Each structure stands twice: as structure tokens, then as C-alpha cells.
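What you see is a predicted model; the values in this text were computed from it and never measured. A note on names: the letters A, B, ... follow the listed sequences, proteins ahead of strands, and every chain is numbered from 1.
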Amino acid sequence: MALSFLPLYGSDAFVITKAATSTHIFPLALVYDDPELSESAAGIKKLLNSTGVVEAVILQEKIPTTKKEMDAYRTRGYSAVLFMQPDADAIAWRLYDTTQSQMLLGKKTGSSSHSLLPRLIADAVYTHLFNHDSYFFTKIAYIKKSPSPRHPHATQLCVLDPVDGSSQVILKDPRTLVAPQWNFDANSPVWLTVSEFTPQNVRLLGVDLLGNSWKILDNEGTCVGAARKDDTSFVYVRSGVLWLYTFDKAAKKGKHTRITPKEQVCACPSLLASGDIIYASGSKIYRYDSKEKKQYPLPIKGSCIAPDAHAATGRILFSRAVNGVLQIHTVDSAGQHEQQITFGPGNKVDACWSACGNYMVYTRCQQGKEQIALFNCLTGTERILTPESVQAGYPCWSQKNSNLCAI
Amino acid sequence: MLRSLQNKSVVMHDSAAYALFVVAVHFLILACLCGKFFPAAPVVITMPVKRAQTVVRWRSAAIARSTAMVSKAPVVEKPQYKVKKAPQPSPKRKAFVGGFTKINLGPKKKKKKAIITPPVVEEKKLPPQVQKIPEPVQEVPVQQPAVAQEPIEIDLSTMDQQELGAVIDAVHRWWQPPLGAAVAARCVIAVRLTDTGAIQELRVQQSSGVPVYDIAAKNALLKSIFPKQVWGKACIFQF
């Protein structure tokens, strides 16, 4: 007979408070019996462990059939278990909660590319367990300096995998490229915008993953920094002034609207979910209210540069000098609850959020070397993604897109 | 040299006599064993009656003395039992002692054994019992006890701060919020404990929306050792 319990809220419940900082890594067991799955299991383990919040362990043993055998996993210290079995060209897997021996998720995953199977399974498991997207289907775009005697300012637009740091060159340019940004629309699933320095101006280019480039804005002045608003509009900075570009599909015409005054020099625009724009001007961080059509500085002390806003959470990253070293800080969209994220030597600039908001990438400058670093905000650990021999900067983290891993 | 020879002769004289003595002893022993130097027929020794009587007298005197001693002791009522007479011994009794027979020591009086027979109890005949036909029992539906229907609630208002703290500390000791869960995550779990403090039932009443968070909360409850104040009761925990 089921018992009726007390109401959920009020003074009748024991309230267990959380500690100020969480340190517990989720233990997960990967169980399979068929040796053919060893490679896939190793790939899943690598992906999940790279997040820093899951500790995946491989157990090649017989899959249990009774509840008693399932309870044994809990006594062995595993909070969840992922069982895998081969099924033709696919993998049938089931995720179990060991506290109550109940299945959380079960699927049959197949792919034309065998190398994508671990990513698909790891992404499904991680997304279900943590209720937010993983970064297994994301890429980080950055600019690599590749000077040559003939082209001393040559650069390359590259993308790298945040899991293993493998890099791929998208565009080679004899000129200087800066500030790549990811853009997604229905016509072309994945493409980027990048600013190219020419002898006459700094123009805005569009580049797809195959390396094809086209001109977006080739006007007088400098176009550096573009933030996509929606499929038909984006915000950019031209000669220090913030502009909004919208494209009218019916009329097939584009329209430029100035947002900030001409005398105000702005840089690094990024957008919140509400449509408000966050950007740097002078040594302050400003917020432009898209409804009221007004801008106001955020109440942040000190000289702040290179802000980046996370659309979902509203948190803003920026760099500010602490004891002569540029460190990454974060505030909310109102400029409150400031928190220093990074410490230690080396200037950190051009920070960019991941899609989930738990990680960030930035350029780390130390002793003349510029490298791309990935910072895990949950564990406070830093991981260098590019080698010392490569001068790299201007990182930009993409949204989740399965087409990105087909590169 | 001469002394040694003399000694030898003395020794030889002594040794010869000794040898003869040893041989004689052995011969005697063998003869005893074979019984050749003893008469074949045993000597019949008949005890004179006088002697037997004197033996009897001695025995009776001893008995008289013992009875006299007993008479001085407090009289103990002997149980009134019928004593059966012991069977009379045979007139002749042959005793056998190491090969000898027919040594008549007289009629041997056997000790009288007290044979105790239980008293005769008259069996009473019981009147024949009349078997009663049981009346049919009316079927009454079993009603559930009222206590089981009532929820076993724990009234926190009756617990003092120390008791509340003990329960919370028991769970907080094992509570490990997982990395990666949202800061604002919250879940409510109801637990029913047995009379010995074990978890009988565990139910998530409100999920946090993050499975790792709910699993971590359930793990904390499963590992906790609850104080006696909440044994046999239902508790709600908010993480």
C-alpha cells in the first residue's frame, strides 16, 4: 500500500544544503562483452573524460541480467552504467541508474562513418545526464600566423577539435586575418566570417568549411568583429562604430543602421538572448538595449577589454589587468556578481564561451608565445590546445552542429 | 701373572657354581609351569562346620553391631513395599581358583536385593465423553488495522534542533553535489525507513531536471545511517 507523504515544500522537509564548491566527478561504467566494441568504448571513454565532470571506466564483462547483479555496480562505486552490444552495423546501448536499477535511456545508434559512433553515443549520454549540450560536435576557429619571406603577414584560418586538439586549415591567406566568427543559416549550414586586412581597408569575408570565401562587406574603413543576430541580420563594427546590418529577402537589399555615435570607438560586439548588444568602448563595457535603443555602461571597475556574452546564461567574460597581468573575469548581464576566473602568469585575452557555458577558450600570451587555451570553469583547470611553435590567437567556439565533425 | 691366573681360577670356580644355580632355578620354574612336581590331584580342604559356624557367628555379630548403630540413628520410616524373597542358593557351590576346584566354602548367602515395585493405582474409568459438534463460525471479513492506513509521518515540530541536526548531518556526510550540474538545481526525495533504520522505499518526488544531480542525492540517502528518531518513519529530503 502506498503511503501518502507530506507536502513538498514548507518546514516539513529536511533541507540538505550544497557545499560552496562541488568536487564530485560522476563515476560511469562502460560495460560490453563483445571485443569488437573495444575501440568504440575507448572513444566514448576519451570523450566523456575530456569534459572533466565524468570519470568513465571500461569493464569488459558479461552484461548482467538480474537486479542483484545490477546492484553490484552501485556497491562497486558506479552511479550509472552504460551497456553496449553490437547490432549489425550499429551499437545498441542502454544507460542505467544504479541507485534504483532503472533504465534512463536506450538507443540503437548507427552511422555511415564508424568514427562518429563514439561521438554520437557520448553526446547522447552526456546530454541526458547533465541536461545540456556537450562540445563533442563543436569546433574552435582561430587564426594561425604563418609568415614567409614572400608574405611576412600571411595567416591561416583554422578549426580545431576541443577534445583532442587536432587542427585543420580552412583558408590560407597571404594577408592578415583577424576575429573569426561562426555563423549558421539554412542555406549554408556552417560558415564563418573573418576580417581581412587589405592595403585599402579591412573587409569582411565569408568562408565555408571547404575554404571557399566571398566578400560580405568591402566598404571603406575597417570592419572588425561581427556578431550574428539571426538569419538575416548581424551586428558589426566599422571604423569603431557599431552597425546593424539587415537583409531584406523580398527586396533583396541590405540595410545598414548605425547604433552608436560616431565619436565613440567600439569593439568586440556580442549578443544576448534578448537581442541586447554587449561591446567594449574605451575602457568600459557597454550594453545596448535593443528595445529602448539606448546604451549604458555596466558598473564594472577598472579597465576592461574584449567582452564576450553567453546568450543562454547572460554571463559576460572580459579581460582586466590584475597586478600587471591580464586575467579573465566574469559578470552577469547587469554587471553584478563579478568573479575572477583565471590566475597565474601569462596575459589572457579574447575569451570566448562554449555553447554550454561551462568552458571557455582564450589566447594565452607568455614570453612572446601566443597559444590557444581551453579553460574548464567547473574544475578550474586549463588545457593548452596549440603547440608552442605555432602563434595562434582570436579563438571562437562554435555552436553544436553534427556537420562539424564531418570535416 | 700368577695373581691374575689365581683370580681367574677363583672367578672360574664362582662362575661354575653360579651357572649351576641358574640352571637349577630355571629347571624349577619350568617344572612349576608344567606341574610335574605337584600332585595331580588337588588337596581337598574342607572347612569344618565349626569354622563355618564361627564365620556365621562373626558375621551375625557384625550385623548385630551394625543394627545397634542403626537403632541409635533417627528412625527413618521405610517405605512399605512388598519384598520378594530371594531364591535359595544351591547347597553345593564350587569355587574355581586358578585351576583348583571343589573348595567348598559352604553355602554362600547372597545378598538380598530390595525389589521395589510401584504402588498399584486403581485406574478410574472415565465416563464416555460426548463429542460436541462445533458451531459453524461466521465469516467475518478481516479489517485492516487503522494504523497501517495512516501515513507514517514525521512531525518536525516535535524534534528539537539537536535531533534535526543529527538527521541532516547523517545525510550531509555523504552528500556530494556533482560537477556540471546547474547551480540552481533542486530535487526532493521521499524516503521510508524500516524499524531498523534501513531504507524500505525511496521515491523522487520532484526531479531537479539533471539526472546526475538526482542520482547523487539518492546515493547520499542510500549511504546514510539515520538516527533512531526517524526509524520506522517517512522523511522528505530537499537537496
Test side chain to side chain contact (heavy atoms under 4.5 Å, CB included), reference A/L104, set A/L82, A/L95, A/V81, output is A/L95
Could you pull out all residues at least two apart from A/C356 that satisfy side-chain contact (heavy atoms from CB on, under 4.5 Å)? A/H132, A/S354, A/N358, A/Y359
Residue from A/V54, A/T99, A/V53 scoring the most non-hydrogen pairs under 4.5 Å with chain B is A/T99
Which atoms of B/I215 come close to chain A, meaning under 4.5 Å heavy atom to heavy atom: side chain ones, backbone ones, both, or neither? both
Would you check if A/R119 and A/T109 make a side-chain contact, meaning some heavy-atom pair closer than 4.5 Å? no
Contact list (residues 122-129 of chain A to chain B, heavy-atom gap under 4.5 Å, by number) returns A/H128, A/L129
Student check: side-chain heavy atoms of B/K218 and B/I189 closer than 4.5 Å: yes
Donor-acceptor contact below 3.5 Å, side chain A/K45 vs main chain A/S40: no
Checking salt bridge (Lys or Arg N to Asp or Glu O under 4.0 Å) for the pair A/E69/A/R76: CA distance, chi angles, key distance, verdict? CA-CA 11 Å; A/E69 293 172 343; A/R76 288 161 70 177; over 6 Å; no
Side chain, backbone, both or neither of B/L202 within contact of chain A (heavy atoms, under 4.5 Å): both
How about A/F83 and A/Y96: are their ring centroids closer than 6.0 Å? yes
At a heavy-atom separation under 4.5 Å, does A/F130 approach chain B through its side chain, its backbone, both, or neither? both
In terms of ring plane angle, is the pair B/Y213 and B/W175 parallel, tilted or perpendicular, where the classes change at 30° and 60°? perpendicular
